[in-house]
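Worksheet: the structure to be examined is printed underneath.
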Amino acid sequence: DTEVTQTPKHLVMGMTNKKSLKCEQHMGHRAMYWYKQKAKKPPELMFVYSYEKLSINESVPSRFSPECPNSSLLNLHLHALQPEDSALYLCASSPSSEYNEQFFGPGTRLTVL
Amino acid sequence: QKEVEQNSGPLSVPEGAIASLNCTYSDRGSQSFFWYRQYSGKSPELIMSIYSNGDKEDGRFTAQLNKASQYVSLLIRDSQPSDSATYLCAVTSPPLTNSGYALNFGKGTSLLVTP
């Protein structure tokens, strides 16, 4: 299984809502990543988990809260988002944070009203 | 500031021709180099990885790396309309701390293959 899955595919939320994005991989990878991508821009790194520990937080606002329950799962908890947070949220995984040939999931298209 | 530069395009080539996509990077210590293809509205798909100087071929794709010139390229032979997409160059550099390696992406080159 060489696939990274993400749910939901689309999400519309108000600025007062709390929601979560989920990511799962079964490739035995030990590094997982969250990226944010705006239209016609490259992906921007948000968080890196290496061996289930948060190793990089690219100064992301606290309204985004990552969680890695186990080596296969990665969540991104969302609270009090702003309309400018509307974007494609991508999860990726790699064998390790050093050997980081990254494979991306299909993404969650988030719209904040 | 570690930079990865790509011509944004669009690069237009006729069907059956060779498409040549170029990328330069600023960090001489960069170690791993990747090409991703991204269709509009979809996620990036890894198509090539290259780690040492020279050429690496996979089907219609050839990646070329020249670390002395800090240059990496992607050649697509026998281009097809289905190759029309944005191609992202990504480079990994050693971390400043023991916090893992991160991918630095270029802004991408838009490729249009015309029938």
Side-chain angles (χ1 to χ4, degrees), chain A residues 2-7 9-10 21 23 25 27 29-60 68 87-111, chain B residues 1-10 21 23 25 29-52 56 58 63 65 72 85-112:
Chain A
T2 58
E3 193 177 46
V4 178
T5 59
Q6 289 186 246
T7 56
K9 286 186 170 56
H10 301 276
L21 309 184
C23 175
Q25 57 88 14
M27 295 179 277
H29 289 176
R30 301 313 301 268
M32 297 185 75
Y33 310 78
W34 280 116
Y35 289 85
K36 172 183 177 180
Q37 188 177 27
K38 303 282 271 185
K40 299 192 184 301
K41 299 288 187 182
E44 296 175 25
L45 182 66
M46 300 175 72
F47 303 104
V48 180
Y49 273 84
S50 179
Y51 293 87
E52 297 153 55
K53 293 185 179 178
L54 183 64
S55 63
I56 292 180
N57 176 343
E58 291 287 342
S59 302
V60 178
C68 190
L88 181 67
Y89 286 84
L90 296 162
C91 173
S93 71
S94 67
S96 69
S97 60
E98 294 81 13
Y99 178 49
N100 68 343
E101 192 175 62
Q102 293 184 26
F103 298 90
F104 285 84
T108 294
R109 176 73 60 188
L110 174 67
T111 302
Chain B
Q1 180 88 17
K2 299 173 184 175
E3 295 185 348
V4 178
E5 301 284 346
Q6 293 182 258
N7 189 323
S8 61
L21 304 162
C23 173
Y25 58 95
S30 298
Q31 297 181 337
S32 306
F33 307 85
F34 308 97
W35 283 99
Y36 287 85
R37 177 175 64 196
Q38 187 171 26
Y39 293 111
S40 180
K42 302 295 185 182
S43 64
E45 175 191 7
L46 180 65
I47 54 172
M48 289 293 283
S49 308
I50 188 165
Y51 303 97
S52 55
K56 179 181 177 182
D58 184 0
L65 175 61
V72 59
T86 296
Y87 289 80
L88 296 163
C89 174
V91 175
T92 296
S93 299
L96 294 176
T97 67
N98 190 29
S99 58
Y101 295 69
L103 282 180
N104 293 308
F105 282 93
K107 293 184 177 179
T109 297
S110 176
L111 174 66
L112 177 64

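Here is the naming used below: chain letters follow the sequence lines, and residue numbers restart at 1 for every chain.
- Note on B:T86, B:N104, B:L46: by heavy-atom pairs under 4.5 Å with chain A, the leading option is B:L46.
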I'd like to know whether B:Q38 forms a side-chain contact (heavy atoms from CB on, under 4.5 Å) with A:Q37, so could you lay out the CA-CA distance, the side-chain angles of the two residues, the decisive distance to 0.1 Å, and finally the verdict.
CA-CA 12 Å; B:Q38 187 171 26; A:Q37 188 177 27; 2.8 Å; yes
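- Using a 4.5 Å heavy-atom cutoff, the side chains of B:Y36 and A:Q102 are in contact.
- When all heavy atoms are compared, the tightest approach of B:F34 to A:E101 is CE2-CA, 3.7 Å.
- The number of heavy-atom neighbours closer than 6.0 Å to NZ of A:K40, taken from other residues, nucleotides and ligands shown, is 12 or below.
- Looking at heavy atoms from C-beta onward, A:F104 lies out of side-chain contact with B:E45 at the 4.5 angstrom threshold.
- When every heavy atom of A:P42 is checked against every heavy atom of B:F105, the shortest pair comes out as CB-CB, 3.7 Å.
- Side chain of B:S43 to backbone of A:G107: no donor-acceptor contact under 3.5 angstrom is found.
- Remark: B:K107 NZ is loosely packed, at most 12 non-hydrogen atoms of other residues, nucleotides or ligands lying under 6.0 Å away.
- By the 4.5 Å heavy-atom criterion applied to side chains, B:L103 and A:Y35 are counted as neighbours.
- Top candidate by heavy-atom pairs under 4.5 Å with chain B, chosen from A:A92, A:S96, A:P43, A:A31, is A:P43.
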